[in-house]
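Ligands are counted one by one from 1 in listed order, and the atoms in each one are counted from 1 as well. Hydrogens, waters and symmetry mates play no part in the numbers below; they use all other heavy atoms, side chains included.
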Amino acid sequence: MSEPVQLPLRPGGDEDVDLVLRGGTVIDSSGERRADVVIRGRDVVAVGEDLSGNDVIDVSGCIVAPGLVDLHTHLRQPGKEEAETIESGSRAAALGGYTAVLAMPNTTPAIDCAAVVREVLELGRSACCDVHTSGAITVDRAGDRLAPLAEMAALGVKLFTDDGAGVQDDLLMRRAMEYGRGLGVTLAQHCEVASLSAGTCMHEGEWSARLGLPGQPAEAEELMVMRDIALGRLTGARLHFLHMSTAGSVALIAAARASGMDLTAEAAPHHFTLTDACCADYDATFKVHPPLRGEADVAAISRALADNTISAIATDHAPHCPEDKELPFEQAPPGMLGLEYALALAITQLVDGPASMSLADVLARLSWQPAAIARMERHGRPVAPGSPANLCVIDPHHTWTIDDSGGASRSRNVPYVGREVRGRVRHTVCEGVVTVRNGEAQQ
Ligand code: DOR
Ligand code: ZN
């Protein structure tokens, strides 16, 4: 197989400036310690006590951590630039503490061939964070025939998905896994059996019955998790399950991982924060796929994040224009914003809530574990000399109330309006460039 084409790195920080993050507590995969961090060019050059430089940022009382990594971002470019662009989405990401995002391929045209991969990566070079992309498994995500995975893999695409839909055909999914295994890439599934979910707009349960809305059962997700585990066993492919939302899925994944399968899963903030009761007013802000579930499912997702059965929090940031989200619940598109809220929601729900996770474990799910799943080698690294300077600085004491502005996104479909949350991103540094300073995006 040919070597991947090396696309040029995004521009790095100033070689003539020693930027110092002074007085913070570093938390990374190697533990926690008080230390100053010096950044030059695109790297961390020193970590220790009483370090100085010519651009000093006081970060006392704050956490200095590897930048967050989002495995699931809908950037909407090409094709739906009125809802989001790579530029606006990456700015939202930087404000949320992210230094890298993985773009989802359900754009127009779909990211299903080398030409579109190139376009997205080139637009990403001037973005506020590192922009990686996934590629579609099937041509135009139509589920009929395999996309040219090899030509996308040659451009560095490491994860393939038809996200927005699951691959329904069992044989085609088997072939994708066989082919993907040979290429050394990961197959990521949006688990939803279309014949069970067609025509539905929320979770099937007490609330769908009460509201008179057609619901999809948890089994629409769980049957595809089951099938893919079986096919993964058959083919030996590396699998990743997107936005897991039910207790049953968690149990299946835990059993498969315990049996030694090479398999990972992610959960989205809304699935550990919101329930189907949020749909009570027919407000389509709360419509999402997979749908918001019941309380027992929300608790199971939180526990699965705590015990690492689900090892990544991924936003599923899904911007939609107001005119689309104002449609009746059944007709509105599914999806909600996430990039600027994920960290604070994770701290509020998972550290301060019943799951009682440590901040270090939450950061593992938001940074170094997703970086490992996506094999983004420049992200999630320990904060140490020689590591790429992809970092975020978090004030864990700052409490704030989420508003309906939508932040830097071009859309405003925020389902958390009015919620008080803890934890705020103060600064973000991507490849040595300060992308967020004092809570303000720098470009
Ligand atoms: O709610 C969702 N929105 N789920 C998906 O899988 C796709 C996404 C979107 O693209 O809006
Ligand atoms: Zn999806």
Side-chain angles (χ1 to χ4, degrees), residues 70-86 89 92 101-112 120 133-138 140-141 143 159-168 187-194 197-198 200-203 216 220-221 224-225 228 239-246 249 265-271 273-274 276 278-279 283-293 301 310 312-325 327 329-339 342 406 409-415:
D70 190 24
L71 290 174
H72 200 133
T73 317
H74 295 280
L75 292 171
R76 302 289 187 233
Q77 199 174 2
K80 194 77 174 150
E81 288 80 358
E82 61 274 34
E84 200 74 288
T85 61
I86 289 174
V101 297
L102 185 68
M104 286 295 111
N106 59 337
T107 49
T108 314
I111 307 173
D112 67 354
V120 170
T133 188
S134 58
I137 295 174
T138 69
D140 200 24
R141 299 175 43 258
L159 187 141
F160 290 87
T161 176
D162 274 2
D163 184 53
V167 176
Q168 303 297 317
L187 283 307
Q189 193 74 273
H190 168 123
C191 293
E192 183 179 331
V193 172
S197 70
T200 69
C201 60
M202 68 176 293
H203 175 61
Q216 62 166 281
E221 172 172 309
M224 197 170 280
V225 173
D228 276 12
L239 306 185
H240 178 69
F241 289 112
L242 303 170
H243 42 50
M244 289 288 94
S245 69
T246 78
S249 294
E266 63 180 43
H270 43 271
H271 287 130
T273 307
L274 308 172
D276 56 350
C278 295
C279 305
D283 178 351
T285 313
F286 298 98
K287 180 173 175 181
V288 66
H289 289 171
L292 300 178
R293 307 283 187 183
I301 296 298
I310 297 178
I313 296 169
T315 65
D316 198 0
H317 178 85
H320 289 289
C321 303
E323 54 272 32
D324 290 337
K325 274 298 198 182
L327 288 166
F329 199 93
E330 289 186 67
Q331 289 156 35
M336 36 188 67
L337 301 187
L339 287 167
S409 174
R410 286 198 171 184
S411 297
R412 346 172 35 123
N413 47 319
V414 184

Report task. Compare H74, H289, H72 and give the one whose heavy atom is closest to atom 7 (C) of ligand 1. Result -> H74
Report task. Sort out for me which residue in K80, R76, K287 forms a salt bridge (Lys or Arg N to Asp or Glu O under 4.0 Å) with D324. Result -> K80
Requested in this report: Identify the two heavy atoms, one from R410 and one from A83, that lie closest to each other, and give their separation to 0.1 Å.
Outcome: CB-O, 3.2 Å
**Report entry** Derivation and outcome, side-chain contact (heavy atoms from CB on, under 4.5 Å), residues I86 and V120
**Finding:** CA-CA 8 Å; I86 289 174; V120 170; 4.0 Å; yes
Requested in this report: Verify, without hydrogens or angle tests, whether H72 (side chain) and L102 (backbone) share a donor-acceptor contact under 3.5 angstrom.
Outcome: no
Report task. Mark the output for G164 as yes if a heavy-atom distance to ligand 1 is under 4.0 Å, and as no if none is. Result -> yes
Query raised in the report: Mind checking whether the Zn ion (ligand 2) has an N, O or S of H72 under 2.8 Å?
Result: no
Query - Nearest neighbour in protein (non-hydrogen) for atom 9 (C) of ligand 1 - result: R76 NH2, 3.3 Å
Requested in this report: Kindly indicate whether the side chain of H74, heavy atoms from C-beta on, has any atom under 4.5 Å from the side chain of D316.
Outcome: yes
Requested in this report: Note the single closest protein heavy atom to atom 10 (O) of ligand 1, along with its residue, its atom name and the distance in Å.
Outcome: N106 ND2, 2.7 Å
Report task. Using side chain to side chain contact (heavy atoms under 4.5 Å, CB included) as the criterion, point out the one residue from L71, D228, T161, L187 that pairs with H240. Result -> L71
Requested in this report: Examine the proximity of ligand 1 to K80 and report which part, side chain or backbone, both or neither, has a heavy atom under 4.0 Å away.
Outcome: neither
Query raised in the report: If you check every N/O/S atom of H190, which is the one nearest the Zn ion (ligand 2)?
Result: ND1
Query raised in the report: Heavy-atom contacts under 4.0 Å between H320 and ligand 1: side chain, backbone, both, or neither?
Result: side chain
Report task. Check D163 and report its N/O/S atom nearest to the Zn ion (ligand 2), by atom name. Result -> OD1
Query - T107 OG1 to D112 CG distance, which is reported to the nearest 0.5 Å - result: 8.0 Å
**Report entry** Heavy-atom donor-acceptor pair, H271 side chain to P290 backbone, under 3.5 Å
**Finding:** yes
**Report entry** Which of the ligand 1 atoms, numbered from 1, are nearer than 4.0 Å to a heavy atom of H190
**Finding:** 5 (C), 6 (O)
Query raised in the report: Roughly how far, to the nearest 0.5 Å, is the CD atom of Q168 from the CG atom of D162?
Result: 9.5 Å
Report summary line: protein heavy-atom neighbour closest to atom 3 (N) of ligand 1 works out as P334 O, 3.0 Å
Query raised in the report: With atoms numbered from 1 as shown, which atoms in ligand 1 lie under 4.0 angstrom from a non-hydrogen atom of V288?
Result: 1 (O)
Requested in this report: Write the atom name of the N, O or S atom in H243 that is nearest the Zn ion (ligand 2).
Outcome: NE2
